[in-house]
Amino acid sequence: MAKKEEILAAAKEVAGKAVEAAKEAATEAVKEIKAKAEKIAEQPETKEAVEAVKEAAKKVTEAAKVAGKVTAEAKVITPKMAKIPEGPLEKKWTNYKDHQKLVNPANKRKLDVIVVGTGLAGASAAASLAEMGFNVLNFCIQDSPRRAHSIAAQGGINAAKNYQNDGDSVYRLFYDTIKGGDYRAREANVYRLAEVSNNIIDQCVAQGVPFAREYGGLLDNRSFGGAQVSRTFYAKGQTGQQLLLGAYSALSRQIGKGKVKMYTRYEMLDIVMIKDEQGEPRARGIIARNLVTGRIERFFAHAVVIGSGGYGNTFFLSTNAMASNGSAAMQMYRHGAYFANPCYAQIHPTCIPKHGDFQSKLTLMSESLRNDGRIWVPKKLEDAKKLQAGQIKGRDIPEEDRDYYLERRYPAFGNLVPRDVASRAAKERCDAGYGVNNTGLAVFLDFSDAIKRLGKDVVAQKYGNLFQMYEKIVDENPYENPMMIFPAIHYTMGGIWVDYELQTSVKGLFCIGEANFSDHGANRLGASALMQGLADGYFVLPYTIQNYLADQIGVPRMSTDRPEFAEAEKAVQAKIEKLMAIQGKESVDTIHKRLGLVMWDFVGMGRTAESLKEAIKKIDEIKKDFWTNVYIPGKADSLNNELEKALRLADFIEIGRLMAIDALNREESCGGHFREEYQTEEGEALRQDDKFSYVACWKYQGEDKEPELIKEPLDYEFTERKTRNYKS
Ligand SMILES: Cc1cc2nc3c(=O)[nH]c(=O)nc-3n(C[C@H](O)[C@H](O)[C@H](O)COP(=O)(O)OP(=O)(O)OC[C@H]3O[C@@H](n4cnc5c(N)ncnc54)[C@H](O)[C@@H]3O)c2cc1C
């Protein structure tokens, strides 16, 4: 019911705006005609009259065109357009698979698919598509597929196996994910994700992924934020690495068989669009730069799949790998793929605090540490001051003077509240002056209770490598003194809009993993990104892409000598030449740091209309500075790290702006998006479901033009939207 009403309301709103725009344009034109006619009436020389009428007629035609365009594009994305299958929630995916088009084995051999990315999403997709018989061209920036950012994932991967017999189920995983995302994700996709989560574990175990096991040999689980069950499978603090090795072994097998052609150290710089017989543009290839030689090369495929990861590095300092970037997303966006919910960025509560201005990376302490670690700050301001001045250490503060603020505020979930809630609570304590560290921007994560309860050996077995990492970076032993942590940018829930088939709004262009707008709504729960990336790559895309490719079997391989490829390559060359020619005074990192500061201060954990408007102004200045004053040493036709970074920064600047625009539009707080104007008396996020229960899809309108907003209303047919409650 809510569905129809909301769609109608949204459609009405957009249509209303279109009509207004059309009216405005027409009124302008009529006014002009009237003015000219009056002039003619005063001086009726024939020639002038004819010219005036002609000119007026032209204006009317233009106004009509504008009106037509606005009306045509003023659309909402309906469930049908998002290709959400009919039927009950738990039957949708099965129904889809039963009725989708298939490609037979002989035809699969005739079809080529480009997969950009070798993270968990890209590698699993490339391996699966090749295993099925398609020819795959797989690209990554790193020197080995195994070095994709996914390798950094520490804590674990969720699945609804219910091995612990603690009440878990597919529905409960679905529900926790929808609720965790603050009711801003698509129900059908999230249910499918929960449904295939169990297959992922089976697949990975079959590949030999060494998940942690209990004494009896069964797979072990731990808990992550936003859940009251233990459903997280893990391999010490290296889950991403072990999963990636599994996907990599599947990929290597296909490389060995000649079904995957691997291009390491290649960076896609554009997507090539070719119009079909009906004049509709389709993704038919990419332009990529060989990062070792600097050579620009062209590649054709019948479909293009992008699994390029998230854009958290827009903030400069983040937990992401240094090469993580948003350029592939921007290339898709510029070709007409909608950028959905760009403002949804996740701030992770347990990162090692920033320690100086020359730092280029932040380090995550896995969320798994919140299973046994307790988070606190001093109760007394004078203790906080002493800690900040380095006069005492955390262990010197007696139990009764410690404020376990998460346990105090959220008794039901305690230290395992979702990340957005834990991050904001840490900020609140630090803003109030209770923060520790010399900056006052940190809280404690303390294992002294766990060590007493379980023994140091058990704690070391569970988290040893993380403790070691902490000690190496901070030079303090976390077994003896509580760790210090502070929130940092970690993940981007926003990304390229995809339909149920993971196809973008551009035909033949698919997007998977963190790069798409994902199933996590406004906040991702821990251990759900690995689940989503592998679900997309192993179990969803290999089915859905066939529905597209089945219609492409008659399309012959196209030559990369076609003008579309030549033009795309020329544009890439021109952009590189423009950048190299600037030879200004500021390094890429200097400008990126400035962008990062603006993002953190104005588009960070707390946002206001004022701060966002200010951010847009400042980002525009940074953009101007970048394009006039950046300095890139070296040459374009050889290995050039600075050039690579500059190309990525050019896009980060655009993404930063888009994030601010989206955050400004979303006049509510939900999940990781906290608009300070919209909060409850207790400082919790205040959603405005009547106005903002939609996916905000931004459509590119051209360089330096404001993007257009298209809405996908979110329908909650199978869950009741509630205010998130982690207290009771
Ligand atoms: C420190 C850390 C710990 C984490 N821990 C967990 C965890 O425990 N559990 C969990 O669920 N999630 C975790 N996450 C999140 C999770 O790791 C990521 O969301 C996920 O790995 C992203 O996978 P992906 O395949 O989408 O992208 P990535 O792994 O980022 O891979 C992107 C790929 O795209 C390639 N690429 C990008 N652009 C281009 C281009 N233009 N041309 C060619 N190639 C390109 C890259 O080379 C790379 O191969 C963690 C994240 C971080 C930062």
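Counting starts at 1 for both ligands and their atoms, following the listed order.
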Original post:
With a cut-off of under 6.0 Å to the ring centre and 45° to the axis, is Arg222 in cation-pi contact with Tyr234?
Top reply: yes
Subject >> Other residues, nucleotides, ligands: >12 heavy atoms within 6.0 Å of Lys578 NZ >> reply: no
Subject >> Neighbour list for ligand 1 [protein residues, heavy atom under 4.0 Å] >> reply: Val116, Gly117, Thr118, Gly119, Leu120, Ala121, Phe139, Cys140, Ile141, Gln142, Ala148, His149, Ser150, Ala152, Ala153, Gln154, Gly155, Gly156, Tyr266, Glu267, Met268, Gly307, Ser308, Gly309, Thr319, Asn320, Asn325, Leu364, His490, Tyr491, Gly513, Glu514, Arg524, Ala527, Ser528, Ala529, Leu530
Original post:
Is Arg524 close enough and on-axis enough to Tyr491, meaning under 6.0 Å and within 45°, for cation-pi?
Top reply: yes
Original post:
Looking at Tyr726, is Lys179 sitting on its ring face, NZ or CZ under 6.0 Å from the six-membered ring centre and within 45 degrees of the normal?
Top reply: yes
Original post:
Would you call Arg231-Asp168 a salt bridge at under 4.0 Å N-O?
Top reply: yes
**OP:** May I ask you to check whether Phe339 and Tyr700 place their ring centres under 6.0 Å from each other?
**Re:** no
